[in-house]
Colleague: 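Structure incoming, see below.
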Amino acid sequence: MTLIKLISDTLAMGKQALVFVNTKRGAEKAAEELAHSIRNVQLTELSAEILHALSKPTKQCERLARTIEKGIAFHHAGLVQKQRELIEDNFRTGDIKIICATPTLAMGVDLPAFRSILKDLKRYGHRGLEYIPVLEYMQMAGRAGRPKFDSYGEAICIATSEAQKDELIERYLKGDPEDIFSKLAVEPVLRMYVLSLLAAGFVRTKKQLFDFFSKTFFAHQFEDLGKINALIEKILQLLEEWEFITSSGSQDFTSALDLGNEHYKTSLMGKRVAELYIDPLTAHEFVLCLQKAASMKTTDFSFLQMVSSSLEMRPQLKMRVKESEEIQQELMKNEEFLLAGEPSLYDYEYDSFLDSIKTTLFFSEWIDEKDEEYLLERFNIRPGEIRVKLDIADWLLYTSEELVKILNFKPLIKDLSKLRIRIQNGVKEELIPLLKFEQVGRVRARILFRNGIKDVADVKKADFSTMVSLLGKNVAIIVKKQVGQDFAKIEVKENKRKGQISLRDY
DNA sequence: GGACGGTGAAACTTCAGGTTGCCTC
DNA sequence: GAAGTTTCACCGTCC
C-alpha cells in the first residue's frame, strides 16, 4: 500500500522511480501490483517488442509485456539482454516510469531516477534474512537524482515496523560503509594469477612471485606476508603436481640463500591453461576427466557433466526437494558415463554433486531442442540465466577441445566440437549441417529439416518457392545465395504450399 | 456408508548477481 | 524471516 502511494505520488510529480527488492519474484510481483493501479498508459508497441524477444514467448515474457504496457517494468538477471536493453533505453527516454529491480540494476547500469525506493533492506543469506551491507545500500540509494534533470534526488527506505525504522536510520543513514577487502586471497583467483605471471614470463622464481604479491592491495591489507607466501608456495606445489609448471635449478638447497631461487617454467599445457583463463584446478580436473573419456564409451551426458561440475559453472541449478527422486533416477541411468567423480553419499559435497546432475540434465534438454518455456517450468531457470549458463558451457567446451589437442586424444575433438555447436544453438545432432547457413538457427533449421531439407546439398536442390514458403522471402534469398544461387533479382511471389510448415505456423 | 469437495491450518520450500575468459580463417 | 505452495485433517453434502 505504502509503495503504491509513493509511486502514484512520484508519477503525479511527473518523475520516475526505481524500486529495489530482494528477489526476482518480488520484483515481478511489485511491478504487477503497480501496473494494476495504472490507468491511462498504453505502451502497446514496446510491450509487443518485449514479448517477442525470444522465438517463442515464455510466461516471464508475457508477465513483463503486461506490466510494460502500463509503463512499469521489472528487471533482474532472468531477463534476456534484449529485454534489459529495451527497459533501460525506454526508461531513459521516459516512456517507462518505474522499474522494480533486484540489485542487478544498482550494480552495472547507469540509470538514475528522481526517486530510489528501497523496499527490502534484508536479503536471504547464510543465517536466514540478513541486513544488506551499507555499501550496497549506498549503491542503490545513489541511483536517486539525475544530474541533468533534477537538482536533487530522493532515496526512500521502507521499514516494516516502527522498530525497524530506527534500526534502518542507525544502520544505513548514520552508518559507515564497510571496509573493502581484497579478493585476491581467494584460492581460485590466486591460482590463476600465479600461473599467469609465470606463463607470461613476468616472474620466473619463487622470490619474484613473493615480491610481486607483496606489492598488492591484498598484502597491504593483511600485512602478514608469511601467510601469503605460504599460500603461494602451496599453489606452486599444486601447479607442479598438475604438470602445468616445472621447477629447475637448485632443488637441494646447498645454502639458505638459494631458497626461492629455483626457476619455474610453464609447460605447454600450463601455458594454454593460462591463456584460456580458467582456474588451473578446473583445468586439472578436466585433464583427468578427458583422460578417462579417452578410454571409455562416452555420451553427451559425459562431457556436459564434466563441465557442470566445474567451479566456473557455479552456482549450479539447485535441486528441489521434490525433484530428488527424479534426479537420482537420471543419475542411475547415466552412472556409467560420468566423467567427474561421484562423492560419497555422506560427503557434504554430495548435494552439490546432485545439483551438477540437474545442471547436466538442463543442458541435455537444451540440446534436445526444448524451448525456454519448458526449461523455465522444468528447471526453474529463466531465459537470461539460460544464456549465461550456455555461454559458460560453450567456453568450457572450447577449453576442453584445446586440452584434448594438447593431450593428443584426437577422437574426442570431434565429439567436443559437435557438442559445442549444439550447446550454442540448442539443437539435436541432425541439424548441425544446416546451421552453417547465415540466418539459420535452431528454429529455421528444424523447419527445413522437417520438410526434408537436411543439408547443404538439399538446400541447393530445393525449390526456391519452397524455401520462400518455409523461411520467408528475405531469408530464403540469403540462404540460397550461400549455395551460390542468386534469387535476389528474380521477382517471386510468396506462395505458400499446402501442408508445409512455415515459420509463422511454427 | 462412502465418495467427493471445500476450507483452513500446518508444514514445507525457496530465496541476488556476475567479469571476462577463447577464436573459426 | 517471509511469502508462496503443498499437504492434510476435518467437515458437510450428495448420492
Side-chain angles (χ1 to χ4, degrees), chain A residues 19-30 32-33 74-79 81 84 100-109 118-133 135-137 139-140 158 160-161 163-164 167 183-184 186 188-189 191-193 195-196 199 271-280 282-283 286 307 310-324 351 355 379-382 384-406 413 416-418 420-421 423-424 432 435-436 438:
Chain A
V19 180
F20 289 103
V21 297
N22 63 4
T23 62
K24 294 198 262 285
R25 189 155 60 180
E28 295 175 11
K29 199 185 140 208
E32 277 173 343
E33 279 174 11
F74 57 82
H75 187 289
H76 54 58
L79 306 187
Q81 197 55 36
R84 285 200 231 180
C100 301
T102 55
T104 9
L105 209 61
M107 297 179 84
V109 231
L118 283 55
K119 189 167 166 287
D120 300 319
L121 287 138
K122 283 182 168 181
R123 188 186 308 135
Y124 177 79
H126 299 292
R127 294 181 299 277
L129 232 45
E130 298 167 17
Y131 277 107
I132 59 168
L135 274 171
E136 256 187 66
Y137 156 80
Q139 273 288 336
M140 298 193 282
I158 300 183
T160 52
S161 64
Q164 199 197 26
E167 170 76 29
K183 291 234 164 76
L184 189 58
V186 185
V189 178
R191 279 195 292 259
M192 288 174 64
Y193 278 112
L195 183 60
S196 290
K271 199 159 185 302
R272 199 71 187 107
V273 169
E275 283 169 359
L276 291 167
Y277 224 81
I278 60 168
D279 181 352
T282 300
F286 278 14
V307 161
S310 68
L311 281 180
E312 277 82 350
M313 195 54 82
R314 299 206 180 177
Q316 296 147 321
L317 306 207
K318 262 185 82 185
M319 183 186 75
R320 294 170 156 193
V321 178
K322 60 179 176 190
E323 290 171 330
S324 170
D351 277 351
D355 290 347
F379 296 100
N380 190 30
I381 184 168
R382 296 166 164 83
E385 298 160 320
I386 293 176
R387 301 313 323 180
V388 173
K389 290 294 176 223
L390 292 176
D391 196 33
I392 297 172
D394 177 48
W395 162 49
L396 292 176
L397 286 172
Y398 171 75
T399 298
S400 312
E401 263 182 81
E402 294 301 296
L403 295 180
V404 158
K405 281 181 197 164
I406 296 173
I413 297 181
L416 285 166
S417 67
K418 260 194 218 164
R420 194 165 161 233
I421 295 174
I423 282 286
Q424 285 166 347
I432 293 180
L435 295 170
K436 293 197 177 74
E438 199 185 310

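Worth saying up front: this structure is predicted, and the values here are computed from it rather than measured. Letters A, B, ... mirror the listed sequences (proteins, then strands); counts begin at 1.
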Colleague: Please determine, for the side chain of A:Ile392, which listed nucleotide (B:dG17, B:dG21, B:dC22) has the closest atom?
Modeller: B:dG21

Colleague: Nearest whole Å is fine: how far is B:dG17 P from A:Phe20 CZ?
Modeller: 12 Å

Colleague: Using a strict 4.0 Å threshold on nitrogen-to-oxygen distance, state whether A:Lys29 and A:Glu32 make a salt bridge.
Modeller: no

Colleague: Given B:dT24, B:dT13, B:dA16, identify the nucleotide with an atom nearest to the side chain of A:Val321.
Modeller: B:dT13

Colleague: Is there a salt bridge (Lys or Arg N to Asp or Glu O under 4.0 Å) between A:Glu167 and A:Lys122? Walk through the geometry before answering.
Modeller: CA-CA 12 Å; A:Glu167 170 76 29; A:Lys122 283 182 168 181; over 6 Å; no

Colleague: Among the candidates B:dC22, B:dA16, B:dG17, find the nucleotide nearest to the side-chain atoms of A:Ala77.
Modeller: B:dG17

Colleague: What's the closest nucleotide to the A:Tyr398 side chain, out of B:dC23, B:dG18, B:dT24?
Modeller: B:dC23

Colleague: Could you say whether A:Thr160 or A:Lys322 is positioned toward the 5' end of DNA chain C, judged by the nucleotide with the nearest heavy atom to each?
Modeller: A:Thr160

Colleague: Just checking A:Asp279: base, sugar-phosphate only, or nothing, at a heavy-atom cut-off of under 4.0 Å?
Modeller: nothing

Colleague: Test of understanding: with ring pair (Phe, Tyr, Trp, His ring centres under 6.0 Å), list the residues that count as partners of A:His75, not counting sequence neighbours.
Modeller: none

Colleague: Ignoring the backbone of A:Arg25, work out which of B:dG17, C:dG4, B:dT20 is nearest its side chain.
Modeller: C:dG4

Colleague: Planes under 30° and centres closer than 5.5 Å, is that true for A:Tyr124 with the base of B:dC15?
Modeller: yes

Colleague: Here's a test of your reading of the structure: between A:Lys29 and A:Gly128, which maps to the more 5' nucleotide of DNA chain C?
Modeller: A:Gly128

Colleague: Under 4.0 Å: is that the gap between some side-chain N or O of A:Arg272 and OP1 or OP2 of B:dC23?
Modeller: yes

Colleague: Measure the distance from CD on A:Glu130 to P on B:dT14 and round it to the nearest whole Å.
Modeller: 19 Å

Colleague: From C-beta outward on A:Arg320, which listed nucleotide comes closest to its side chain: B:dC23, B:dT14, B:dA16?
Modeller: B:dT14

Colleague: Round to a whole Å and report the spacing from CD of A:Glu167 to C1' of C:dG1.
Modeller: 14 Å

Colleague: Distance check needed: C:dT5 P versus A:Asn380 CG, whole Å only.
Modeller: 12 Å

Colleague: Which is true for A:Ile278 with a 4.0 Å heavy-atom rule: it touches a base, it touches only sugar-phosphate, or it touches nothing?
Modeller: nothing

Colleague: Main chain of A:Ile381, side chain of A:Glu385: is a donor-acceptor contact present, judged purely on distance under 3.5 Å?
Modeller: no

